[in-house]
Amino acid sequence: LVNSVYPDDIKINNLKCSFLPPGSVVPTSAAEASRAMAGDTSLSENYAFAGMYHVFDQHVDEAVPRVRFANDDRHRLACCSLDGSISLCQLVPAPPTVLRVLRGHTRGVSDFAWSLSNDILVSTSLDATMRIWASEDGRCIREIPDPDGAELLCCTFQPVNNNLTVVGNAKHNVHVMNISTGKKVKGGSSKLTGRVLALSFDAPGRLLWAGDDRGSVFSFLFDMATGKLTKAKRLVVHEGSPVTSISARSWVSREARDPSLLINACLNKLLLYRVVDNEGTLQLKRSFPIEQSSHPVRSIFCPLMSFRQGACVVTGSEDMCVHFFDVERAAKAAVNKLQGHSAPVLDVSFNCDESLLASSDASGMVIVWRREQK
């Protein structure tokens, strides 16, 4: 959703949202859902957590670069490790358990993604392959070598067509891959200025952003019919500072409808950008102080947002804490900080109703945090 052009209806997390003209004060149905969740509490109270719900340590001694709840799911969680495996976990019934460990990659797993229906996962590895897994039984459905024979560093599903996955590699290339055929899509490849570390689509799947280790973020127009990529814009976030995370959000709050991009870039700051046109041009809106100078730290928009109270983002940090920031608060934007990790926090993930938050760190620990119950 770009350039203030909104379709009448769109589904976000299976909630049908009716978008209204700028200036309208009637919130979307997604806003009503988050308002109902928030009640009369403040944003700080919304993001108060009672403490650790569970700690997973099956990957201890190797970093866990990515942790993700399944889509529209409260209790299924997966994480990948530089030990070469992926864990699928279930948080209820108690006690939380590791359902299965997916093994097959011969080197560290750099990234993974759930399909929209959660029936398959795609993973990328430093062994120069991507793998397709069946989440139900942990089967490896297909192994696909990188077209360039390079380390694969990141991946993301095309949000509308889950038969297509985009991967980024160490030879500076982005490839659109057809996971059914195991082949790259014709016209679906492009070169960046450095190793491709981060990828994110906008919600409709028409814009793709890719970040590299030289400090650049590129936008691409994605042809929905063919999978072809067309390079559109380039932003140098900071020359030589690796862009380790990109997260796109089509709207933030009723008061700030601009499509937004959240970026980590080894600058000791979390950066929030406005998407200002339909080619993915970015304009810096504000930044938040964190510690990140060398680790591949990631951040997210909270999936539900109290439109009356503002909008929140969450990030890992090298200070071993999880940080929450209110993106609309002019001063004192920090609303919470979770302490419990003993290594840099690399990734964070909310479940669908924000009752649980998972965070992973450079020592292999995954902590699941529970929202404080009122």
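Residue numbers start at 1 and run along the sequence shown.
- For Asn178 and Asn163, the side-chain atoms include at least one donor-acceptor pair closer than 3.5 Å.
- Residues that satisfy the salt bridge (charged side-chain N to carboxylate O under 4.0 Å, His left out) test with Arg274, not counting sequence neighbours, are Asp258.
- Under the side chain to side chain donor-acceptor pair (under 3.5 Å) rule, Asp148 has a single partner from His175, His172, Lys171, which is His175.
- Note: the hydrophobic cluster containing Leu208 also contains Val160 (ILVMFWY, side chain heavy atoms under 4.5 Å, direct or indirect links).
- Hydrophobic clustering of Ile, Leu, Val, Met, Phe, Trp and Tyr side chains at less than 4.5 Å, counting indirect connections, keeps Leu121 apart from Val101.
- Side-chain contact of Ser247 with Ser200: a donor-acceptor pair under 3.5 Å is absent, judged by distance alone.
- Between Arg195 and Asp213 there is a salt bridge, with a side-chain nitrogen of the basic residue lying less than 4.0 Å from a carboxylate oxygen of the acidic one.
- Listed by first and then second residue, the side-chain hydrogen bond (donor to acceptor under 3.5 Å, both in side chains) pairs that reach into residues 359-369 are His341-Ser359, His341-Asp361, Ser359-Trp369, Asp361-Ser363, sequence neighbours excluded.
- Counting only residues at least two apart or on different chains, the salt bridge (Lys or Arg N to Asp or Glu O under 4.0 Å) pairs with a member in residues 123-132 are Arg131-Glu143.
- Ion pairing between Glu328 and Lys285 holds under the 4.0 Å rule for side-chain N and carboxylate O.
- Salt-bridge annotation for Asp137 and Arg139: present, with a side-chain N of the basic residue lying under 4.0 Å from a carboxylate O of the acidic one.
- Ring geometry for Phe112 against Trp114 counts as perpendicular: the plane angle is over 60°, on a 0 to 90° scale with 30° as the lower cut.
- Between Thr244 and Gln292, the side chains place a donor N or O and an acceptor N or O closer than 3.5 Å (distance only, hydrogens not considered).
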